[in-house]
Amino acid sequence: MVHQACIACGEKYDADEIVYLCKRCGDLLEVKYDYDVIKAKLEKSDWQTMTLSVWRYKDFMPIRDPSKIVSLNEGGTGLYSCQRLVNLLGVGQLYVKNEGENPTGSFKDRGMTLGITKAVELNMKTVICASTGNTSASLAAYAARAGLQCIVLIPSGKIAYGKLAQAMVYGAKVVQIRGSFDQALKMVLDLSEKHREVYLLNSINPYRLEGQKSLAYEICDQLNREAPDRVVLPVGNAGNISALWKGFTEFHKLGLIDKLPKMTGIQAEGAAPIARAIKNGSNEITPIKQPETIATAIRIGAPVSWKKALRAIRESKGTAETVTDEEILEAQKMLARSEGLFVEPASASSIAGLKKLFESGKIDKDEVIVCVATGHGLKDPDIAIKTSEKPFEVDAEMESIEKLLGLSKPIPATVVSR
Ligand SMILES: *Cc1c(COP(=O)(O)O)cnc(C)c1O
Ligand SMILES: [Zn+2]
């Protein structure tokens with residue numbers, strides 16, 4: 001039977017109980033399955049012939065009625081073999097999973113299609129989240145799709161304009177609070193515990209992560225049912241790295257892959273409590289009061305899922321690394337120019353982290369690596385414009401543009417004709 005269980009004390013909760021933290025010890029919950037039941041379902045299922053998408057994996061998901069799924073066609077994103085980037089970095093084999101191809105431009109849609117489907121199953125009418133941007137954009141879209149009210153709390157300070165525009169146009173009630181993301185999250189948690197009619201869809205909600213685990217399934221399926229040696233991804237609140245690890249271990253338990261990847265989390269230097277704990281060999285994190293980085297999607301000082309993330313990194317024999325804002329911006333340009341993939345700064349941190357780890361000898365030359373590019377570059381156009389060369393300006397005359405382009409001496413027609 002599908003149920004929820006506490007990751008610390010093991011206390012069980014019904015799949016339909018609205019509970020965000022363990023009532024006994026206060027820790028996070030996760031969704032548990034009887035894998036023999038899933039195995040039996042898979043034998044009768046046509047999942048292997050379906051097109052790649054989150055809902056290709058509905059047999060692995062905790063939903064009751066597939067006809068009630070709230071979808072915008074999420075998942076099924078490209079996994080790009082990046083040879084030019086391999087040549088630049090010197091690594092063995094590299095793929096980029098481009099999550100910017102999701103309906104609202106980030107992997108958050110994988111979690112929201114499931115989270116909102118669950119909200120509808122539970123007959124909720126209002127959903128809420130705290131967000132640095134992409135969570136609110138995604139929640140607002142799926143809430144609109146399902147006809148639910150949506151409230152989003154965003155922290156004060158900088159937020160990427162693309163994301164804010166999305167939340168606003170989808171009709172969410174957007175509230176900017178004078179405080180940090182971590183304070184905003186505490187507020188939505190308290191609010192949804194006090195007012196039970198408001199359903200919380202931050203990644204503290206274990207159903208979100210169930211949708212996000214499809215990212216791991218897709219990577220394996222795109223690599224012909226094999227896990228890569230290593231998965232590198234940015235870590236903010238740490239829900240995604242936890243979700244991916246759950247996905248890989250489930251595929252492994254079900255006998256669909258025979259090895260597991262090393263989970264490698266990248267954080268921005270000014271917001272790196274998990275990377276610090278990994279480097280120090282600590283079992284706890286030390287929250288950061290004022291996290292700072294241009295990669296706003298990972299500007300989080302007290303990651304909710306830190307315990308799940310430390311577990312994922314350690315169990316998988318992976319690692320964590322920090323990168324500076326300069327390294328992130330350089331990686332963003334490198335990925336765009338060498339492979340045609342424009343990702344937001346947080347996403348580029350996975351490439352920056354890979355570069356750093358490889359250069360310091362912590363990644364082997366023969367590894368098959370997947371970097372997760374978590375969100376689309378257009379989410380934050382200001383950054384790209386600021387860091388790229390300005391457009392040239394010339395008079396509207398042939399001579400001026402020829403001069404600019406260095407095309408002043410025409411090649412005789414006889415030379416170019418065949
Ligand atoms: C949410 C987000 C992250 C961080 O994911 P967590 O699950 O919070 O660790 C990274 N990149 C982008 C683009 C995001 O939207
Ligand atoms: Zn507990």
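This one's a predicted model, so the numbers in the text were calculated from it and none came from an experiment. Both counts, for ligands and for their atoms, begin at 1 and track the order of listing.
- For I298, every heavy-atom contact with ligand 1 shorter than 4.0 Å involves the side chain, none the backbone.
- When hydrogens are left out, the protein atom nearest atom 5 (O) of ligand 1 is F107 CZ, 3.4 Å; that is the closest non-hydrogen contact.
- For ligand 1, the atoms closer than 4.0 angstrom to any heavy atom of V235 are 9 (O).
- Close approach to A346 involves these atoms of ligand 1, each under 4.0 Å from a residue heavy atom: 11 (N).
- Here the two rings, on F60 and F251, have centers that are under 6.0 Å apart.
- Atoms SG of C6 and SG of C22, as seen from the Zn ion (ligand 2), are separated by an angle of 110°, to the nearest 10°.
- Checked against a 3.5 angstrom limit, the closest N/O atoms of T374 and ligand 1 fall inside it.
- Which parts of ligand 1 touch K108 is read off a 4.0 Å heavy-atom cut-off, strictly below it: atoms 1 (C), 2 (C), 3 (C), 14 (C), 15 (O).
- Each of T77, L52, V370 was scored for a side-chain contact (heavy atoms from CB on, under 4.5 Å) with Q222, with one residue passing: L52.
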Practice problem: Verify salt bridge (Lys or Arg N to Asp or Glu O under 4.0 Å) between D65 and K68, making sure each step is shown before the conclusion. | Solution: CA-CA 6 Å; D65 180 357; K68 303 253 169 67; 3.3 Å; yes
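- Considering both main-chain and side-chain atoms, N134 comes within under 3.5 Å of ligand 1 through a nitrogen or oxygen pair.
- Using a 4.5 Å heavy-atom threshold, the side chains of N102 and L72 count as separate.
- Those atoms of ligand 1 that come under 4.0 Å of a heavy atom in G375, given as number and element, are 13 (C).
- In terms of protein heavy-atom proximity, atom 7 (O) of ligand 1 is nearest to N240 N, 2.8 Å.
- Using modelled atom types and a 3.5 Å distance limit, the side chains of E193 and Y20 yield no donor-acceptor pair.
- Residue G239 approaches ligand 1 through these ligand atoms, each under 4.0 Å from one of its heavy atoms: 6 (P), 7 (O), 9 (O).
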Exercise. Walk me through it: do T322 and R276 pass the test side-chain contact (heavy atoms from CB on, under 4.5 Å)?
Key: CA-CA 8 Å; T322 63; R276 296 261 139 74; 4.2 Å; yes
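- For ligand 1, one of its N or O atoms has an N or O atom of A238 under 3.5 Å away.
- Side-chain contact between L94 and R84 is absent, with no heavy atoms from C-beta onward closer than 4.5 Å.
- Close approach of ligand 1 to E344 is summarised as follows: ligand atoms under 4.0 Å from at least one heavy atom of the residue are 13 (C).
- When only modelled atom types and interatomic distance are considered, Q166 and K379 share a side-chain donor-acceptor pair under 3.5 Å.
- Those atoms of ligand 1 that come under 4.0 Å of a heavy atom in N237, given as number and element, are 6 (P), 8 (O), 9 (O).
- Between the side chains of E344 and S347, no donor-acceptor pair of N or O atoms lies under 3.5 Å.
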